[in-house]
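Have a look at the structure below, then the notes.
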Amino acid sequence: MNLSTQPYKGARDFYPEDKRLQKYMFGMMRRTVEKYGYEEYDAPVLEPIELYLAKTGEEIVHEQTYVFEDRGGRTMTIRPEMTPTVSRMVAARRQELGYPLRWYSIPNLWRYERPQRGRLREHWQLNVDIFGVADTTAEIELIQIADDLLRSFGATHDMYSIRINSRKLMDFILHGYLGLSKTQSHTLVKLIDRMHKMPKDVFAAEADAIFTPTQRDEGASNKLLGLLKLKQIGHMPEVIRNHHAMAEIKQLLATLQDMHITNAVFDITLMRGFDYYTDIVFEVFDMHPDNNRSMFGGGRYDGLVGLFGVEPVPTVGFGMGDVTLQAFLEGHDLLPNLRPETDVYVILVGDVYDDAMRVVRELRQMGVNAAVDTSGRKADKQIKTALKKGINYVMFIGSKELTDELFGIKNLATGIEEHHSLSRIVSIVKDHRDDEDL
RNA sequence: GCGGAUGUAGCUCAGCUGGUUAGAGCGCUGGAUUGUGGCUCCGGAGGCCGUGGGUUCGAACCCCAUCAUUCGCCCCA
């Protein structure tokens with residue numbers, strides 16, 4: 001029986017070319033959120049299971065997390081999401097932190113489930129949270145960041161839409177307007193969450209089944225179906241239009257318009273899975289016809305920090321996964337060609353190792369990343385190796401070059417080879433590196 | 001947890017109704033060409049046909065099981 005070379009199910013190996021892409025994506029994320037004054041934090045991958053039992057939602061903890069017992073008999077979980085952890089961290093230093101707090105992290109998260117397209121067992125997720133802001137300036141900032149992120153990757157507004165809803169508004173509609181009980185609302189919320197995946201008549205039938213005969217007679221079922229069809233806030237019944245949660249949404253959308261975020265819309269069917277959201281929720285959807293799906297989202301969760309027995313802290317946050325982001329970038333052809341960090345592949349000609357290494361050391365001291373081929377193979381094989389690695393320059397060092405102190409530097413992309421002094425080579429290589437960074 | 005599809009060389013795959021030593025392209029490697037790449041030509045390595053069992057004179061092929069990959073469902077960061 002041979003040892004398997006495959007990575008664990010649902011997890012990925014990152015070969016250099018994959019890691020390069022990850023570094024690119026994470027780098028863009030860091031630059032973008034740091035522009036808004038967010039600071040990076042991190043925490044252990046393992047958390048006691050109690051952290052998730054409190055508020056995440058039952059099924060996720062029991063069926064979709066990695067749970068095991070440590071040697072001391074404690075039940076531990078590999079974190080399936082970052083929000084409980086960051087809430088714990090904030091609660092621990094509730095009194096001493098300077099609010100508003102702007103924090104971000106790019107943790108790896110695990111869920112135990114069957115992998116499928118766009119969803120794996122391990123993924124990385126940019127988490128951006130703002131703590132201590134109770135009004136919608138927090139939501140505005142985070143949606144702005146989400147928008148900025150996608151645009152910094154080269155996306156345009158026609159490629160995605162930002163959909164906004166409010167838990168408070170939905171609570172009012174479900175309880176106040178339709179008169180549903182808690183259990184009924186819960187079932188209905190789950191159903192609405194999947195309504196775009198099912199035929200209209202099936203949805204209508206299943207929705208209708210949730211209502212009691214009395215509620216149905218009072219027209220609640222029809223009221224619901226009517227509501228879900230409406231695209232414009234102006235067409236809503238007056239009691240809903242005038243609700244303060246609706247006013248908040250309208251104000252939010254207006255501000256985003258002013259900021260030229262023109263692809264934000266109200267969407268009454270937007271639910272989001274977690275129970276801990278308390279008010280505004282938002283989600284970013286991929287508009288690509290082949291990949292029309294939710295990419296990432298977030299919302300306000302004012303109650304989580306308070307679960308740790310401290311004074312509550314109003315919080316808004318979102319999480320953006322690397323797998324879905326990559327699918328989005330690939331789908332819209334937004335992935336750049338990434339080159340390795342190595343600037344120069346050095347080819348030794350003849351028996352010049354000792355002298356050549358002195359030159360290479362100098363090259364490195366001047367800031368050039370140089371790999372030396374010591375295989376002694378023929379030059380054409382060594383050039384092929386450089387090509388395979390994606391390195392842009394090869395440099396030849398032989399006895400002739402060493403006495404002249406002029407070295408052959410060949411740009412493999414253009415095929416042009418020139419002879420230059422070491423310092424000239426350094427500036428050529430660095431100029432080229434800067435061009436690629438643009 | 002449920003359902004579908006697929007497992008043959010490093011990769012993509014072919015392999016007829018079951019018939020002898022299992023094939024191609026690409027890739028890898030060596031040479032033609034001992035100081036210069038993508039073309040060309042010649043040679044070479046590399047396979048328990050996912051694994052176990054069954055049917056048969058005979059199995060990559062048929063049957064059963066199992067494992068893996070993958071797409072979807074459930075659920076949803």
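Note that the coordinates shown come from a computational prediction; the quantities given were computed from them, not determined experimentally. A, B, ... follow the sequence lines: proteins, then strands. Residue 1 opens every chain.
Nucleotide B:G7 forms a pair with B:C67, judged by Watson-Crick or G-U wobble geometry with both contacts under 3.5 Å. When Watson-Crick and G-U wobble pairs are counted only if both distances are under 3.5 Å, B:C41 pairs with B:G31. Under the Watson-Crick and G-U wobble criteria, each requiring two contacts below 3.5 Å, nucleotide B:U12 is paired to B:A24. Across every strand in view, B:C2 sits in a pair with B:G72 that passes the Watson-Crick or G-U test at under 3.5 angstrom.
Remark: A:Arg111 is not positioned above the aromatic ring of A:Tyr66, lacking an NZ or CZ atom under 6.0 angstrom from the ring centre and at most 45 degrees off the axis. Judged by the 6.0 Å and 45° rule, A:Arg94 forms a cation-pi pair with A:Tyr99.
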Close N/O contacts between protein and nucleotides 8-10 of chain B (under 3.5 Å):
none

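Atom P of nucleotide B:C11 and atom OH of A:Tyr15 are separated by 11 Å, given to the nearest angstrom. Between A:Glu113 atom CD and B:C76 atom P there is a gap of 11 Å when expressed in whole angstrom units. The interatomic distance linking A:Arg117 (CZ) with B:C71 (C1') rounds to 9 Å, in whole Å. Between A:Phe396 atom CZ and B:G37 atom P the separation is 8 Å, expressed in whole Å. Here the P atom of nucleotide B:G72 and the CD atom of A:Gln116 are 6 Å apart, to the nearest Å. Distance A:Asn411 CG to B:G38 C1': 15 Å, rounded to the nearest Å. Straight-line distance from the CG atom of A:Leu191 to the P atom of B:C75: 10 Å, rounded to whole Å. When the P atom of B:G35 is taken as reference, atom CZ of A:Arg377 falls 14 Å away, rounded to whole Å.
Listed for the A:Arg79 side chain is a donor-acceptor partner under 3.5 Å among the backbone atoms of A:Pro44. Of the possible polar contacts, one joining the A:Arg339 side chain to the A:Gly390 backbone as a donor-acceptor pair under 3.5 Å is found. No donor-acceptor distance shorter than 3.5 angstrom exists from the side chain of A:Asn411 to the backbone of A:Gly415, with no hydrogens or angles considered. For A:Asn127 (side chain) and A:Gln125 (main-chain N/O), a donor-acceptor pair under 3.5 Å exists by modelled atom type.
One N or O donor and one acceptor, one from the side chain of A:Arg114 and one from the base of B:G3, sit under 3.5 Å apart. Remark: the A:Lys410 side chain and the B:U36 base include a donor-acceptor N/O pair separated by less than 3.5 Å. Put simply, the side chain of A:Arg119 and the base of B:C76 share a donor and an acceptor less than 3.5 Å apart. Between the side chain of A:Gln64 and the base of B:G1, no donor-acceptor pair under 3.5 Å is found.
Among the atoms of the strands shown, base atoms are found under 4.0 Å from some heavy atom of A:Gly415. Across all strands shown, A:Glu122 has no heavy atoms under 4.0 Å from either base or sugar-phosphate atoms. Looking at heavy-atom distances under 4.0 Å, A:Leu109 makes no contact with the nucleic acid at all.
Side-chain proximity of A:Leu412 to B:G37, B:C75, B:G72: nearest is B:G37. Closest contact between the side chain of A:Lys400 and the listed nucleotides B:C28, B:G37, B:G35 involves B:G35. Of the candidates B:G37, B:G35, B:U34, B:G37 carries the atom nearest the A:Ile383 side chain, counting heavy atoms from C-beta on. Nearest nucleotide to the side chain of A:Gln125, out of B:U36, B:C71, B:A77: B:A77. Minimum atom distance to the side chain of A:Ala379 is reached by B:U36, of the listed B:U36, B:G30, B:C28. Picking from B:G37, B:A77, B:A68 the nucleotide with the shortest atom distance to the side chain of A:Gln6 gives B:A68.
Comparing the P positions of B:G7 and B:C13 gives a spacing of 9 Å, expressed to the nearest Å. Using atom P as the reference point in both B:C75 and B:C28, the two lie 48 Å apart (nearest Å). Spacing of C1' atoms, B:U6 relative to B:U51, comes out at 16 Å, to the nearest Å. Distance check on atom C1': B:G53 versus B:G44 gives 38 Å, rounded to whole Å. Remark: the separation of the C1' atoms in B:G46 and B:A24 is 15 Å, to the nearest Å. Using P as the reference atom, B:G52 and B:A68 are 16 Å apart when rounded to the nearest Å. Spacing of C1' atoms, B:A22 relative to B:U8, comes out at 9 Å, to the nearest Å. Comparing the C1' positions of B:U21 and B:U17 gives an interatomic distance of 23 Å, to the nearest angstrom.
Of the side-chain N and O atoms in A:Lys9, one or more sit less than 4.0 angstrom from OP1 or OP2 of B:U69. Phosphate contact (OP1/OP2 of B:C75, side-chain N/O of A:Arg194, threshold under 4.0 Å): present. Dashed line: the shortest gap from a side-chain N or O of A:Lys384 to OP1 or OP2 of B:U36 is not under 4.0 Å.
Taking the six-membered ring for Trp, A:Phe328 and A:Phe285 have ring centres at least 6.0 Å apart. Aromatic rings from A:Phe396 and A:Phe407 are positioned such that their centres are separated by 6.0 Å or more. The six-membered or imidazole ring of A:His157 lies near that of A:Tyr160, with a centre-to-centre distance under 6.0 Å.
To the nearest 0.5 angstrom, A:Leu270 atom CG is 8.5 Å from A:Arg163 atom CZ.
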